[in-house]
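Reading through the structure tokens given below for one structure.
Keep in mind the model is a prediction, meaning the values are calculated, not measured.
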Amino acid sequence: MSSIWSSAPPPRRPTLTREAIVAAAVAVADAEGLAAVSIRRVAAELDARTMTLYSYIGSKEDLLALMLDAVGAEVLVHEPLPSSWREALVMIAWREREMVLRHPWRTDLISQRVAVGPNGLRHVEQKLSVFDGLGLDRLTSWRVLAAFNDYMTGFVVREALERGTPRSEGISDTERAAVAEPYIRELVESGEFPRLAPMIQEGVRGADDNFERGLNWVLDGIEGSLPR
């Protein structure tokens, strides 16, 4: 069975291309969330027949893979990376975060086994290139990359949830919070949570600028373990 990237795209038609289909699907997901994306819905957005789209994209799974790879291109750094491995990783991290803020539905795909495309592989290759000259073996390079990725995944997923990703059905995050708030307030006021209570009641100033601070803590730990 061939992948969506190894199969040749069908001949282009004047008003319909695989790129246009993927762009339309990304626009739907940006506006309404991933649940709103279907071959039928994208066909309607393009004023095309559903079966026509199937001649370009074989399944919804293929469409999701192409969408993921399309937004993955936004992360690639085309200019030379900084010579400092830390500065290079910080630059890449900011691009990853900004991409997810533009396309919060990408976090929904993290838990799904969506096929990795060429832009995804280029992104991994670019991150690995940051370690050139550090004297790391393959296993250590992979472990360092995994630690970086784990931080990025955790941060952007939490941030996307806090901001509220677009949803086309079900209870909203605001409605969910409204239901839970009285119960949480009751627990906090019980005195059982003396450390957590002031954080919830008064907030934590500066908590919203923790992205690069937390990233630097991760990089500090990595740097401390590198060969001298």
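Looking at F148 and V144, their side chains never come closer than 4.5 Å, going by heavy atoms from C-beta outward. Counting only heavy atoms from C-beta outward, the side chains of E159 and F211 never approach each other to under 4.5 Å. Residues I222 and F131 are not in side-chain contact: their nearest non-hydrogen atoms beyond the backbone lie 4.5 Å or more apart. Counting heavy atoms from C-beta on, the side chains of N119 and L68 never come closer than 4.5 Å.
To the nearest 0.5 Å, atoms NZ (K127) and CD1 (I92) are separated by 7.5 Å. Atoms CG and CD, on L76 and E125 in that order, are 11.5 Å from each other to the nearest 0.5 Å. Rounding to the nearest 0.5 Å places CD1 of I57 at 4.5 Å from CD1 of I21.
For the salt bridge (Lys or Arg N to Asp or Glu O under 4.0 Å) with E74, the lone residue among R102, R106, R95 that qualifies is R102.
Considering all non-hydrogen atoms of both residues, V37 and A25 come closest at CG2-O, 3.8 Å. Contact record, A70 with V22: CB-CG1, 3.8 Å, taken as the closest heavy-atom pair.
Residues meeting the salt bridge (charged side-chain N to carboxylate O under 4.0 Å, His left out) test with E223, sequence neighbours left out: R86. In this view, T50 satisfies the side-chain hydrogen bond (donor to acceptor under 3.5 Å, both in side chains) rule with no residue, not counting sequence neighbours.
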Take E87 and M91 through the test side chain to side chain contact (heavy atoms under 4.5 Å, CB included) and record every step on the way to the result. CA-CA 6 Å; E87 291 179 14; M91 174 185 284; over 6 Å; no
List the steps and the verdict of side chain to side chain contact (heavy atoms under 4.5 Å, CB included) for L34 and L64. CA-CA 9 Å; L34 198 62; L64 295 178; 3.7 Å; yes
Evaluation steps, side chain to side chain contact (heavy atoms under 4.5 Å, CB included), between V71 and W105: CA-CA 11 Å; V71 300; W105 50 268; 3.8 Å; yes
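Taking the charged nitrogens against the carboxylate oxygens, E32 and R41 do have a contact shorter than 4.0 Å, which makes a salt bridge.
No side-chain N or O of N216 forms a donor-acceptor pair with one of R213 less than 3.5 Å apart.
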